[in-house]
Protein chains: 2
Amino acid sequence: MNEFEVLFEALKITEPTLQKEILTHGVLGQYPKGVFVVEQDKYIKWLAIVIHGSVRVWQEEEEREILLYYVNPLETCSLSLAATFKDYKSLVHARTENNTTLIKIPVRFVKQWSFEYQSWFRFTTQSFITSYEDLLMSYKSLAFKRIGERLYDYLIYSKELSENKIHISHKALANELGTTREVISRLLKQMEEEGRLKLHFKMIELINS
Amino acid sequence: MNEFEVLFEALKITEPTLQKEILTHGVLGQYPKGVFVVEQDKYIKWLAIVIHGSVRVWQEEEEREILLYYVNPLETCSLSLAATFKDYKSLVHARTENNTTLIKIPVRFVKQWSFEYQSWFRFTTQSFITSYEDLLMSYKSLAFKRIGERLYDYLIYSKELSENKIHISHKALANELGTTREVISRLLKQMEEEGRLKLHFKMIELINS
DNA sequence: AGTCGATTGTGACATTTAGCACAATTTACT
DNA sequence: AGTAAATTGTGCTAAATGTCACAATCGACT
């Protein structure tokens, strides 16, 4: 099954004409880690849908940055989607995290198809909704939880996406959570003493409780 | 011009059949301050669109609550909208803040119309997008700004909605911003000393700079 | 005028998080 | 093995915010 067929199946795109449109106008591409998919303050030309790999989406403001979310397989960046609908510049940066396969759709079709094809409508609507809910979770987390808990949540989440061993530096973790390296180091050390994880060089091993 | 005509004009609902549908199935109602429009964990039966007044939307969790947004005239609660599309229970509470006029649409039409009528599609899509952007702003604010600045932002925002005199207690302010009364009292006092505002009993007067 | 409950002011202190400094450790590369 | 750069550990201190206690003030109502 090729990438387009994967997409059609996952999004339940059954309309033959839409399939044909996507095959005609969509562009399949494979990108190494670290490639910018969209850049903040630039116009969006394509809506990217992740097939394999993942894309990190964040905002930058006055030297500081804030992680918004990751786009995982068969999802799209809903802020790009929003930008597509409003035809404005991107509010965010997005960059591949791994070797990533994308299908890119020119923006001029994205809105139009939403009104023409049920399945595409469902896809765009669901994207908005799930992104909104994700952001809401992050917001609540930031509002209610202390860094320690947010850190642990992040590790658990990363574990679910891969395995027990999370390959990341303390500095990078601090960046993801919007704090400083020292804070992360101290909290991790504490968790290690509590037996919840084990620290290695640039790698954290979670211990099943 | 009656409330429905206001709605049609604001949302650019020009399709005669949609107008007729809304007139047939929509319910116009006026509610005093403090009435629950939706309740967390309950099923949504109606999508409420505010005509006059405003609705406060928030989440509760373990005794604490978090303000999400206000629904102002000619807007709808996008979380209700999301719930409508996914047919699940409400994630939030919503309550009228003032004497408020609403038009309520039974949920079974909301999704269907989005695909049938351009104007309704635009309305629902725009609602999602603007809500998402609002939440994003709040998220950034929470992540980057200190309470003092968030407090001042809140006051400025309230002022824009009404006038220079904001009628609210320190306790209520603390609640809106997710902090405690003492913190608010101290910060307000400090701002008063800086000449940015003047404190009265249950009222704050902003000073134009 | 007097009472009561809600609101506001404020000092003292605790906790959480951030920032600085510097040492120790690990990896990569010669 | 030896060096450089990145990463990690940690003591000390500062800033922001939260908590407790209690007094003062205000408004509503008798």
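Here is how names work: the chains are called A, B, and so on, in the same order as the sequence lines, proteins then strands, and each is numbered from 1.
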Could you give the side-chain donor-acceptor pairs of residues 124-131 of chain B under 3.5 Å, partners two or more places apart or in another chain?
{"residue": "T124(B)", "atom": "OG1", "partner": "S114(B)", "partner atom": "OG", "Å": "3.3"}
{"residue": "T124(B)", "atom": "OG1", "partner": "W120(B)", "partner atom": "O", "Å": "3.2"}
{"residue": "T124(B)", "atom": "OG1", "partner": "F121(B)", "partner atom": "O", "Å": "3.0"}
{"residue": "T125(B)", "atom": "OG1", "partner": "F121(B)", "partner atom": "O", "Å": "2.7"}
{"residue": "S127(B)", "atom": "OG", "partner": "F123(B)", "partner atom": "O", "Å": "2.9"}
{"residue": "T130(B)", "atom": "OG1", "partner": "Q126(B)", "partner atom": "O", "Å": "2.8"}
{"residue": "T130(B)", "atom": "OG1", "partner": "S127(B)", "partner atom": "O", "Å": "3.4"}
{"residue": "S131(B)", "atom": "OG", "partner": "S78(B)", "partner atom": "OG", "Å": "2.5"}
{"residue": "S131(B)", "atom": "OG", "partner": "S127(B)", "partner atom": "O", "Å": "2.8"}

Expressed as a whole number of angstroms, how long is the span from L142(A):CG to dT17(D):P?
13 Å
So E194(A) and R196(A), salt bridge (charged side-chain N to carboxylate O under 4.0 Å, His left out) or not? Walk me through it.
CA-CA 6 Å; E194(A) 292 166 3; R196(A) 298 160 74 186; 3.0 Å; yes
E149(A) atom CD is separated from dT16(C) atom P, nearest whole Å, by 13 Å
State whether the distance check finds a donor on one side and an acceptor on the other, under 3.5 Å, for side chain R64(B) versus base dG18(D).
no
Are a donor atom and an acceptor atom from the side chains of E205(A) and H200(A) found within less than 3.5 Å of each other?
yes
Got a salt bridge between K189(A) and E192(A), using NZ or NE/NH1/NH2 to carboxylate O under 4.0 Å?
yes
E193(A) or F201(A), whichever maps to the more 5' nucleotide of DNA chain D:
F201(A)
Can you confirm whether the side chains of N98(B) and S54(B) place a donor and an acceptor under 3.5 Å from each other?
yes
Tell me which nucleotide among dC20(C), dG18(D), dA18(C) gets nearest to the side chain of V183(B).
dG18(D)
OP1, OP2 of dT8(C) versus side-chain N and O of H200(B): anything below 4.0 Å?
no
In this structure, how many angstroms lie between the P atom of dG19(C) and the CZ atom of R186(A), rounded?
12 Å
Please confirm whether the shortest side-chain N or O distance from S185(B) to OP1 or OP2 of dT7(C) is below 4.0 Å.
no
Touch check for T180(B), heavy atoms < 4.0 angstrom, all strands: base, sugar-phosphate only, or nothing?
base
Ignoring hydrogens and angles, does a donor from either the side chain of R181(A) or the base of dG19(C) sit under 3.5 Å from an acceptor on the other?
no
Whole angstrom value for the distance that separates C1' of dG18(D) from CZ of R146(A):
11 Å
Over how many whole Å does the gap from K198(B) atom NZ to dT8(C) atom P extend?
16 Å
Rounded to whole Å, please give me the gap between CG in L187(B) and C1' in dA16(D).
10 Å
Without decimals, in angstroms, what is the distance between H170(A) NE2 and dA24(C) P?
19 Å
Checking all strands, does I147(A) fall into the base, sugar-phosphate, or nothing category for heavy-atom contacts under 4.0 angstrom?
sugar-phosphate
Looking only at side-chain N and O atoms, does K202(B) come under 4.0 Å of OP1 or OP2 in dT7(C)?
yes
Over how many whole Å does the gap from K189(A) atom NZ to dA23(C) atom P extend?
19 Å
